[in-house]
Protein chains: 2
Amino acid sequence: MPIESLLNHIARFVKLNADEQQVLSDHLSVKKVRKKEFLLKEGDICTANYFIVNGCFRMYFIKENGQEQIVAFGIDDWWITDYTSLETHKPSLYYIQAVEDAEVIILTKTQRDNLFDKIPMIERYFRILLQRLQGASVTRLKYLFELSAEEKYHNMNNHFPEFIQRVPQYMLASYLGITPEVLSKIRAKK
Amino acid sequence: MPIESLLNHIARFVKLNADEQQVLSDHLSVKKVRKKEFLLKEGDICTANYFIVNGCFRMYFIKENGQEQIVAFGIDDWWITDYTSLETHKPSLYYIQAVEDAEVIILTKTQRDNLFDKIPMIERYFRILLQRLQGASVTRLKYLFELSAEEKYHNMNNHFPEFIQRVPQYMLASYLGITPEVLSKIRAKK
DNA sequence: CGAAAATTTGACATGACTCAACTGGAGTGG
DNA sequence: CCACTCCAGTTGAGTCATGTCAAATTTTCG
């Protein structure tokens, strides 16, 4: 059951009783997404948080020169959304696209705010996740600033080996802020 | 009153009644910080969230070559902390230092978690701020990826002119991920 | 006023990018 | 199931934006 994987994830951070779990479940919907399908496109107003039950997504934007720049990946048990568009109701600058066939749980903003009123522990769960996400964002920034192209690749290899398997090389390069050519040459060494 | 500026800030996001405001005030302490003093140093375990009543802070780390790399600024009415260290109790990789004489409100983690239990609206306030912060982090990332040194400077000028006034040029350069020499040459043009 | 720090300026070095050609494997349609 | 196309990945040559280093100048502040 998709929803169980979310309940398990929540249980790692806060306790919900059976009632609360039921209320939560009633606020959710599940969706299968095919590889290359989009949860969000530039210009859309983002309306939901997405919990990735399984699969892999990338969040990216298009640079002036037409190149795609990936700002984030999401895999099993991660949430993904555009918080700026979601909270401001303004058109998003980003695409969120499935890199593999995937299954997601959709929690719309309306339902989410509803849940926050009914079940404070859910709000706590999101508050905790947001803290961790913010920590991760600063760490990402740190790596971008201090590491060379080669070091960024090895660092990725060490910390997130699963990505190297799951996403094509040119997406990794984009995520690391380097060109596919440079990444290819780095891998050729040794 | 320092605490009033925090109450005003909170009121922009959630409503607290007089009782709640009192309870909150009892959990806080206020501190004056002189220019160049630190709220946090590398190796410290971060223990609090800091609300900047007035003044300016920078959060930075030291790169292998010894250079300081700024990851964030904080000014009046912003919160600043190292979420990774705060939540994991591990030594921080960052320094948080006053760029100007400043006044901060200290909310320790213990007091904060206490408040979250007593006053759910405070937890909501932080959840909302964290969402905005996360949005801002992704936007920052976007600019770093898509803009040239010159564009980053002008973008900063347009979006945050107050910083150009308040922080020395070499800190701006660091924040933008360029060298002071390059920034100086950009400013010399036109 | 004097020392230390910040900024400017110029010469030079370099890591990463662009462009282009080539290779190999995956996916598709006949 | 083969043939063809397309896309990802590789490789090499040349370029460029930004970094490094060093010295001169200006500003800050005790």
- Message: Any donor-acceptor pair, under 3.5 Å, between the side chain of B/Lys185 and the base of C/dG10, if you only look at N and O atoms?
- Response: yes

- Message: Can you measure A/Lys152 atom NZ to C/dG15 atom C1' for me and round it to whole angstrom units?
- Response: 11 Å

- Task: Figure out the CG/P separation between A/Leu147 and C/dG15, and round it to whole Å.
- Result: 15 Å

- Could you tell me whether the side chain of A/Glu181 has a donor or acceptor atom within less than 3.5 Å of a complementary atom in the base of C/dC17? no

- Message: Nearest to the B/Ser184 side chain among D/dA8, D/dT18, C/dT9, which nucleotide is it?
- Response: C/dT9

- Item | Whole-Å distance separating the CD atom of A/Glu150 from the P atom of C/dA16 | 9 Å

- Query: Does A/Leu107 share a hydrophobic cluster with A/Ile10, counting links as ILVMFWY side-chain heavy atoms below 4.5 Å and allowing steps through other members?
  - Reply: yes

- Task: Just say parallel, tilted or perpendicular for the rings of A/Trp78 and A/Phe163, cut-offs at 30° and 60°.
- Result: perpendicular

- How long is the line joining NZ of A/Lys36 and P of C/dA26, in whole Å? 14 Å

- Message: On the nucleotide C/dT8, are OP1 or OP2 found under 4.0 Å from the side-chain N or O atoms that B/Gln169 carries?
- Response: yes

- Message: How many whole angstroms separate atom CD of A/Glu68 from atom P of D/dC7?
- Response: 13 Å

- Task: Grab the CZ-C1' distance between B/Arg34 and D/dC29 for me, whole Å please.
- Result: 14 Å

- Message: Hydrogens and angles aside, do B/His159 and B/Asn155 bring a side-chain donor and acceptor to less than 3.5 Å of each other?
- Response: yes

- Closest-nucleotide ordering on DNA chain C, the 5'-leading residue of A/Ile178 and B/Met171: B/Met171

- Message: I need the CZ-P distance between B/Arg187 and C/dT9, as an integer number of Å.
- Response: 11 Å

- Message: At 4.0 Å (heavy atoms only), tell me whether B/Pro168 reaches a base, stays on the sugar-phosphate, or touches nothing.
- Response: sugar-phosphate

- Task: Would you mind reading off the distance between A/Ile186 atom CD1 and C/dG15 atom C1', rounded to a whole angstrom?
- Result: 10 Å

- Using the closest heavy atom to pick a nucleotide of DNA chain D for each, name whichever of B/Lys35 or B/Ala149 lands nearer the 5' end. B/Ala149

- Query: Is a side-chain donor or acceptor of B/His27 paired with a backbone partner of B/Val23 at a separation under 3.5 angstrom?
  - Reply: yes

